[in-house]
Amino acid sequence: QGADADLPISGVPYKPTAEPKNVLEARDMRAPWTPGVIYGFAARIRVPMVAPTGSANQFSIEFGFDEELNEGRLEAGVVSAPMVRKLVNGLVGYSTSIANMPTQITFNVRTISNIPAAG
């Protein structure tokens, strides 16, 4: 959907084997890439509970990623990934912790996506 052709590879991308299991490798090219063609593929993914904190929240593609010299690293591209839909940055505040005293409790959260009225 949205692509003109499947990736010109002989099979599905290899399943990630190393932690954090966020790399798909497609090594077996069966045909040349045609300029101007929008390629696509389908793969099952696991959406994490939270967006990454140890790396960028993005999708990237690299041709020649396993080459040691820049001359062998042909092309690369990056697109930002949407934030995982959830509540983040939760905060509970209070005006006093003295027993038998009135207190005001405040709950704050940040939403990643819109929540409709009566949600």
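These figures come from a predicted structure and were not determined experimentally.
- Pairing each heavy atom of V78 with each of S60, the nearest pair is CG2-CB, 3.9 Å.
- Surrounding CZ of F59 are at most 12 heavy atoms belonging to other residues, nucleotides or ligands under 6.0 Å away.
- Between D4 and G36, the shortest heavy-atom contact is OD2-O, 4.2 Å.
- More than 12 non-hydrogen atoms from other residues, nucleotides or ligands lie less than 6.0 angstrom from CD of Q58.
- Residues Y39 and D6 share a closest heavy-atom pair of CD2-O, 3.1 Å.
- You'll find the side chain of V92 reaches within 4.5 Å of the side chain of I105, heavy atoms only.
- P8 approaches A31 most closely through the heavy-atom pair CB-O, 3.6 Å.
- By the neighbour-count criterion of 12 heavy atoms within 6.0 Å, atom CG of N114 is sparsely surrounded, having that number or fewer from other residues, nucleotides or ligands.
- Here the side chains of L87 and T111 are in contact, with some heavy-atom distance below 4.5 Å.
- Checking side-chain atoms of T96 against main-chain N and O of T103 turns up no donor-acceptor pair under 3.5 Å.
- Pairing each heavy atom of A3 with each of G40, the nearest pair is CB-N, 3.7 Å.
- Rounded to the nearest 0.5 angstrom, R30 CZ and I9 CD1 are separated by 8.0 Å.
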